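Since we're looking at a predicted model, the values are computed, not measured.
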Amino acid sequence: MRIASQFPTASPSDDLCEVTCVHPEAVQAARAALPDQRCVDDASALLKVVADPTRLRLLSALNTCELCVCDLAAVVGLSESAVSHQLRLLRAHRLVTFRKAGRVAYYRLLDQHVNGLIGSALEHVQE
């Protein structure tokens with residue numbers, strides 16, 4: 001939790017333009033760079049999944065190394081069943097993958113994009 005004194009005091013009008021002006025070239029460039037609506041919707045859904053504190057802790061743990069469900073349960077302090085439920089959701093959103101070694105399921109982040117997403121989010125809030 002952040003303490004309010006860390007941030008400069010601002011009035012509601014501080015983040016508004018004091019005059020109305022539109023920069024057509026900048027608007028055109030920004031519109032051209034916007035992803036299509038499906039991409040925005042999918043990315044938004046992905047970020048909502050990552051935004052859950054339990055799932056973010058699971059992903060953070062997996063950002064260090066591959067872990068089995070039992071290990072993950074011990075790391076985050078939840079039951080194996082609860083962890084398994086969260087992992088199914090993370091798999092459905094293509095954030096994690098797993099492999100079986102006998103009767104043990106080992107999970108890891110799907111790819112470097114997920115590693116980067118988790119690493120960047122945590123690094124950003126620690127600045």
Side-chain angles (χ1 to χ4, degrees):
M1 185 166 149
R2 292 183 183 219
I3 300 169
S5 64
Q6 291 178 332
F7 301 102
T9 305
S11 70
S13 64
D14 285 348
D15 58 355
L16 299 174
C17 292
E18 293 180 18
V19 296
T20 301
C21 63
V22 176
H23 303 90
E25 297 83 14
V27 170
Q28 183 179 1
R31 281 187 178 153
L34 286 176
D36 64 52
Q37 191 60 45
R38 181 172 177 258
C39 185
V40 168
D41 292 343
D42 290 349
S44 178
L46 173 83
L47 292 172
K48 287 177 186 175
V49 169
V50 173
D52 176 84
T54 297
R55 290 189 290 267
L56 184 55
R57 287 189 355 239
L58 290 168
L59 292 167
S60 297
L62 292 171
N63 204 25
T64 62
C65 63
E66 180 180 74
L67 294 164
C68 76
V69 176
C70 301
D71 294 339
L72 284 165
V75 168
V76 298
L78 294 173
S79 70
E80 292 173 29
S81 177
V83 167
S84 180
H85 172 75
Q86 296 300 328
L87 290 168
R88 276 193 298 277
L89 185 59
L90 293 171
R91 263 191 10 237
H93 284 272
R94 298 179 329 122
L95 292 164
V96 299
T97 188
F98 75 103
R99 68 178 176 85
K100 292 283 276 210
R103 296 172 56 182
V104 179
Y106 290 94
Y107 280 82
R108 66 181 181 280
L109 297 182
L110 184 69
D111 58 28
Q112 291 302 316
H113 296 107
V114 181
N115 294 68
L117 174 67
I118 302 308
S120 292
L122 296 173
E123 181 181 319
H124 179 75
V125 298
Q126 291 172 350
E127 288 181 349

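Residues forming a salt bridge (Lys or Arg N to Asp or Glu O under 4.0 Å) with Arg94 (at least two apart in sequence, or on another chain): none. A search for salt bridge (Lys or Arg N to Asp or Glu O under 4.0 Å) contacts involving Glu80 returns nothing, not counting sequence neighbours. For Phe98, the ring-ring contact (aromatic ring centres under 6.0 Å, His included) test picks out Tyr107, with sequence neighbours left out. Remark: Leu56 engages Val50, Ser60, Ile118, Leu122 in a side chain to side chain contact (heavy atoms under 4.5 Å, CB included) (not counting sequence neighbours). Remark: Val40 pairs with Pro35, Gln37 by the side chain to side chain contact (heavy atoms under 4.5 Å, CB included) rule, at least two apart or across chains. Evaluation of the side chain to side chain contact (heavy atoms under 4.5 Å, CB included) rule for Asn115 yields Asn63, Leu109, Gln112 as partners, not counting sequence neighbours.
Tyr106 and Val114 fall into different hydrophobic clusters, where Ile, Leu, Val, Met, Phe, Trp and Tyr residues are linked whenever their side-chain heavy atoms come under 4.5 Å apart, directly or through other members. There is no path of hydrophobic side-chain contacts, each under 4.5 Å, that joins Val104 to Val69.
Rounding to the nearest 0.5 Å places CG of Leu90 at 5.0 Å from CG of Leu59. Note that the CG atom of Asp52 and the CD atom of Gln86 stand 5.5 Å from one another [nearest 0.5 Å]. We find the SG-CG distance between Cys39 and Leu34 to be 10.5 Å, quoted to the nearest 0.5 Å. In this structure, CG in Asp42 is found 9.5 Å from NE2 in His93, a value given to the nearest 0.5 Å.
Of the residues Leu89, Leu110, Leu62, the one that meets the side chain to side chain contact (heavy atoms under 4.5 Å, CB included) test with Val96 is Leu62.
The side-chain heavy atoms of Val27 and Arg31, taken from C-beta on, include a pair separated by under 4.5 Å. In this structure the side chain of Leu58 never reaches within 4.5 angstrom of the side chain of Val75, judged on heavy atoms.
With hydrogens and angles disregarded, no donor-acceptor distance shorter than 3.5 Å links the side chain of Asp41 to the backbone of Ser44.
The minimum heavy-atom distance linking Ala73 with Val83 is given by the pair CA-CG2, 3.6 Å. Contact record, Arg55 with Lys48: NH2-O, 4.1 Å, taken as the closest heavy-atom pair.
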